[in-house]
There are 2 protein chains.
Amino acid sequence: MKSNQITIKDIARELDISPSTVSRALKDHPDISPKTKKQVRELAEKLNYQPNSIALSLRSSKTNTIGVVIPQIEHFFFSTVISGIEDVAYAAGYSVIVAQSNESYEREVMDTQALFNNRVDGILVSMSRETTDYKHLESLHTRGIPMVFYDRVCDSINCSKVVVDDFDGSYQATKHLIEQGYKRIAHLAGPYSLTMFRQRLEGYKKALEDHGLPIDENLILQENASNDETLAKELTKELMAMKNRPDAIFANTDIAALGAMITIKEYGLKIPGDIGIVGFSNWRFTALTEPTITTVSQPGFEMGQEAAHLLIREIEAKKDQVIEPETKILKTELVVRKSSVLK
Amino acid sequence: MKSNQITIKDIARELDISPSTVSRALKDHPDISPKTKKQVRELAEKLNYQPNSIALSLRSSKTNTIGVVIPQIEHFFFSTVISGIEDVAYAAGYSVIVAQSNESYEREVMDTQALFNNRVDGILVSMSRETTDYKHLESLHTRGIPMVFYDRVCDSINCSKVVVDDFDGSYQATKHLIEQGYKRIAHLAGPYSLTMFRQRLEGYKKALEDHGLPIDENLILQENASNDETLAKELTKELMAMKNRPDAIFANTDIAALGAMITIKEYGLKIPGDIGIVGFSNWRFTALTEPTITTVSQPGFEMGQEAAHLLIREIEAKKDQVIEPETKILKTELVVRKSSVLK
DNA sequence: ATGAAAGCGCTAACAG
DNA sequence: CTGTTAGCGCTTTCAT
């Protein structure tokens with residue numbers, strides 16, 4: 001098929017020297033005479049010789065490819081992460097293979113396996129919302145595949161991780177609501193199987209505590225494994241139907257924030273004012289014209305860069321060298337629009 | 001490094017047969033005795049043998065990988081396309097390598113070259129906004145690399161393409177504005193080097209014509225190669241500053257629509273009503289609470305699926321078989337929110 | 001029904 | 001300084 005590709009042999013034949021000499025000349029090996037080097041380089045240039053990366057991979061058992069398992073590409077945050085990964089990987093000479101789990105555990109297992117079979121040099125993982133069993137990841141890690149988690153990390157595996165400071169972000173967001181005068185703040189939680197969601201709950205609780213507000217477990221609703229607008233709307237309705245209804249909502253995802261916002265407007269309530277909303281997310285909410293929602297913005301691009309960097313560092317470490325797992329914690333940014341500061 | 005991976009040789013040694021027999025047994029070759037097959041399969045299973053895909057690639061000069069050149073992953077539309085590509089590719093046993101041009105011509109050239117060097121079996125391309133020279137793509141196509149364009153296609157290369165019916169979408173959107181009573185509709189155009197933007201302009205003009213409205217070239221502003229909010233805002237200001245200012249805006253991108261919307265609100269004008277806006281885009285505008293903008297929604301996921309399908313069909317065609325290039329035209333959907341229908 | 005050998009493209013030890 | 005040889009893991013004639 002692509003048999004028309006120039007190989008080292010072609011150059012050797014043309015110049016009537018051996019393939020090894022060509023190979024050496026091309027890598028500027030000191031043994032080769034300047035004259036030969038020049039000839040080889042010029043011919044290679046002329047024929048537009050491109051080394052066959054597959055042959056290289058087979059020999060070196062290195063593919064210069066990193067695999068990325070991502071829950072949902074369409075999510076603005078995650079696409080931003082990919083962008084960051086690409087940025088660093090590309091600069092370091094690596095290709096990026098993307099596998100999307102679509103928040104499905106089963107799919108995640110298949111993806112990691114497929115990436116491994118594709119002989120990626122290392123793997124970047126953010127777990128699906130469904131994942132509670134870590135065998136598929138543990139087995140890869142045990143086999144020595146360089147692995148770095150980002151955002152949705154697995155606590156029980158001892159490798160490098162890049163996370164957002166969820167506790168702090170959640171604390172700041174809650175504090176912001178309190179400072180705006182809200183007193184009964186509901187929390188639309190995510191699945192507790194993911195550390196980040198537990199930490200956000202903790203940050204929320206701590207902020208209430210520090211400001212002398214009670215923690216009302218009735219105001220803490222979980223949206224479980226799913227992440228859909230409909231559910232968020234239902235939960236919001238539940239909250240609005242309470243006798244002593246909340247005056248603010250802390251949403252753990254953009255979808256949840258959106259669902260809450262829509263529902264509350266249907267009740268004819270004003271945001272902010274009647275109800276305050278903080279959304280832990282970072283899609284384009286921040287750019288909206290009606291910036292009723294304060295957003296905890298997550299540094300996706302930096303997260304991708306950092307994760308790729310840690311992974312490549314590990315991949316390229318000498319065999320005998322021990323790399324200490326490292327956990328990077330990135331700060332969030334609270335994006336407050338002027339119009340949302342009032343009550 | 002990964003020398004602990006089981007190979008065919010290991011199985012052969014263990015069973016005291018030759019590697020070729022193992023290979024054949026694994027592929028259920030009719031020559032091999034049932035007994036041997038059983039032994040081999042069981043041992044392979046037990047040792048968790050996984051064929052080395054690189055060795056396979058080297059032999060077959062097929063990588064089962066497709067390369068995707070995409071302008072901007074973060075853009076909702078494009079991330080949706082990737083999702084569609086992944087969906088089909090994965091099901092057909094292909095991996096997906098993503099390269100992001102970031103709307104840069106230079107980067108696009110490097111990306112296509114890098115993908116080619118990575119020996120992808122085929123390539124899916126959507127051109128950057130900057131691209132006006134097609135040599136890098138033509139050369140790949142000439143060399144016989146299966147190639148399919150999606151969304152931002154290159155007219156001068158004769159291969160399969162998947163596009164949105166931009167003319168029709170634009171026509172419908174403009175018609176919609178006209179039917180709402182708007183009469184002076186501005187057009188924020190994209191770079192005419194990309195066919196889609198030219199077609200959208202045509203659709204817009206045709207709709208005006210069909211409804212007996214004049215085409216005012218002063219109302220057609222181009223935002224050139226860039227796609228930033230600031231520029232869109234400036235152009236909108238220009239429009240608003242006109243003595244005989246437009247009463248509606250047709251924006252070619254989400255960013256442009258957003259910029260226009262913000263600017264117009266700054267002027268204290270109501271949308272819709274004072275000014276109507278139609279955005280040719282499909283990010284989450286459609287989900288907003290204040291759905292002032294009518295959106296021409298593009299079928300990203302289907303586009304990805306379709307493109308991947310066409311490409312894989314071509315990749316897997318027999319060497320002698322001639323595949324006729326095919327162009328798929330997907331329909332857009334006009335998403336009209338109730339509140340935007342009034343004037 | 002099975003094995004031996006060659007080769008995909010490249011590199012690196014080992015000879016000169 | 002350069003060539004010969006072997007081998008990465010796999011498949012596939014060609015023998016037997």
Side-chain angles (χ1 to χ4, degrees), chain A residues 1-41 43-44 47-65 93 116-121 319, chain B residues 1-41 43-44 47-65 93 116-121 319:
Chain A
M1 203 179 268
K2 274 168 244 158
S3 47
N4 42 5
Q5 271 296 40
I6 304 296
T7 75
I8 267 187
K9 268 186 173 171
D10 298 324
I11 298 180
R13 197 176 332 105
E14 189 99 0
L15 258 38
D16 204 35
I17 54 180
S18 82
S20 23
T21 304
V22 176
S23 170
R24 283 186 277 237
L26 254 13
K27 352 197 52 164
D28 207 21
H29 190 107
D31 275 359
I32 305 297
S33 77
K35 178 168 158 270
T36 311
K37 277 185 189 168
K38 186 154 176 292
Q39 284 184 312
V40 170
R41 277 203 281 251
L43 185 57
L47 299 179
N48 188 27
Y49 164 77
Q50 299 290 102
N52 183 322
S53 62
I54 297 164
L56 288 173
S57 291
L58 181 59
R59 248 208 132 245
S60 60
S61 53
K62 182 156 191 307
T63 54
N64 274 284
T65 301
F116 177 66
N117 288 347
N118 266 317
R119 301 297 196 274
V120 293
D121 292 335
K319 208 193 179 81
Chain B
M1 205 178 270
K2 274 168 244 162
S3 46
N4 42 6
Q5 270 294 45
I6 303 297
T7 76
I8 267 188
K9 268 187 174 172
D10 298 323
I11 299 181
R13 197 175 333 105
E14 189 99 0
L15 258 37
D16 205 35
I17 54 180
S18 81
S20 17
T21 304
V22 176
S23 171
R24 282 187 276 237
L26 254 14
K27 348 198 55 160
D28 206 21
H29 189 108
D31 275 359
I32 304 298
S33 75
K35 179 167 156 269
T36 311
K37 279 184 189 168
K38 187 155 176 290
Q39 282 184 313
V40 170
R41 277 202 280 251
L43 186 55
L47 299 179
N48 188 27
Y49 165 76
Q50 300 289 102
N52 184 322
S53 62
I54 297 164
L56 288 173
S57 292
L58 181 59
R59 241 200 87 85
S60 61
S61 53
K62 180 152 194 309
T63 54
N64 273 284
T65 301
F116 177 67
N117 288 346
N118 266 317
R119 300 295 195 278
V120 293
D121 292 335
K319 208 196 179 81

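Each chain gets a letter, A, B and so on, in the order the sequences are listed, and its residues count up from 1.
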**Message:** Tell me whether the side-chain N/O atoms of Thr21(A) come closer than 4.0 Å to OP1 or OP2 in dG3(D).
**Reply:** yes
**Message:** Quick check against the 3.5 Å criterion: does Ser23(A) have a side-chain atom that pairs as donor or acceptor with the backbone of Pro19(A)?
**Reply:** no
**Item:** Phosphate contact (dC8(D) OP1 or OP2) by Lys62(A) side-chain N/O below 4.0 Å
**Value:** no
**Message:** Using a heavy-atom cut-off of 4.0 Å across all strands, would you classify Ile8(B) as base, sugar-phosphate, or nothing?
**Reply:** sugar-phosphate
**Message:** Looking at Arg13(B), is its backbone amide N or carbonyl O close enough to the side chain of Asp16(B) to form a donor-acceptor pair, meaning the two atoms are under 3.5 Å apart?
**Reply:** no
**Prompt:** What residue among Asn64(A), Asp121(A), Asn52(A), Thr63(A) forms side chain to side chain contact (heavy atoms under 4.5 Å, CB included) with Ser57(A)?
**Reply:** Thr63(A)
**Asked** Between dG3(C) atom P and Lys9(B) atom NZ, what is the distance in whole Å?
**Response** 15 Å
**Request:** Could you say whether Pro34(B) or Leu58(B) is positioned toward the 5' end of DNA chain C, judged by the nucleotide with the nearest heavy atom to each?
**Result:** Pro34(B)
**Prompt:** Taking CG from Asp28(A) and C1' from dC1(D), how many angstroms apart are they, rounded to a whole number?
**Reply:** 14 Å
**Rounded distance (Å) that lies between atom P of dC10(C) and atom CD1 of Ile54(B)** = 15 Å
**Request:** Mind checking Ser57(B) for me? I need base, sugar-phosphate or nothing, with any heavy atom below 4.0 Å counting as a touch.
**Result:** nothing
**Request:** May I ask you to evaluate whether Ser18(B) reaches the phosphate of dG3(C), defined as a side-chain N or O under 4.0 Å from OP1 or OP2?
**Result:** yes
**Item:** Nearest-Å distance for atom pair NE2/C1', residues His29(B) and dC10(D)
**Value:** 15 Å
**Message:** Just N and O in the side chain of Tyr49(B): are any of them under 4.0 Å from OP1 or OP2 of dG9(D)?
**Reply:** no
**Item:** Distance-only donor-acceptor test (3.5 Å): side chain Ser60(A), base dT11(C)
**Value:** no
**Request:** Report yes if the side chains of Ser53(B) and Asn118(A) come closer than 4.5 Å at any heavy-atom pair, otherwise no.
**Result:** yes
**Prompt:** For DNA chain C, whose closest nucleotide is more 5', that of Pro19(B) or that of Thr7(A)?
**Reply:** Pro19(B)
**Item:** N or O in side chain of Lys37(A) less than 4.0 angstrom from dC1(D) OP1/OP2
**Value:** no
**Message:** On the nucleotide dC10(C), are OP1 or OP2 found under 4.0 Å from the side-chain N or O atoms that Ser23(A) carries?
**Reply:** no
**Any N/O donor-acceptor pair, Arg24(A) side-chain to dG3(D) base, under 3.5 Å** = yes
**Request:** Measure the distance from CZ on Arg59(A) to C1' on dA13(C) and round it to the nearest whole Å.
**Result:** 10 Å
**Asked** Are the side chains of Tyr49(A) and Ile8(A) in touch, meaning some heavy atoms are under 4.5 Å apart?
**Response** yes
**Request:** Find the distance Ile17(B):CD1 to dC10(D):P and express it as a whole number of Å.
**Result:** 14 Å
**Request:** May I ask you to say what Leu56(B) touches in the nucleic acid, namely base, sugar-phosphate or nothing, with a heavy-atom cut-off under 4.0 Å?
**Result:** sugar-phosphate
**Asked** For the pair made of CG in Leu26(A) and C1' in dA12(C), what is the distance, rounded to whole Å?
**Response** 15 Å
**Prompt:** Does OP1 or OP2 of dT11(D) have a side-chain N or O of Lys27(B) closer than 4.0 Å?
**Reply:** yes
**Request:** Flag the pair Asp28(A) and Lys37(A) as a salt bridge only when some basic side-chain nitrogen lies within less than 4.0 angstrom of an acidic carboxylate oxygen.
**Result:** yes
**Prompt:** Does Ser61(B) place a side-chain N or O at less than 4.0 Å from the phosphate oxygens OP1/OP2 of dC8(C)?
**Reply:** no
**Message:** Side-chain N or O of Ser20(B) versus OP1/OP2 of dA4(C): is the shortest distance under 4.0 Å?
**Reply:** no
**Rounded interatomic separation in angstrom, taking CG from Asp31(A) and C1' from dA13(C)** = 12 Å
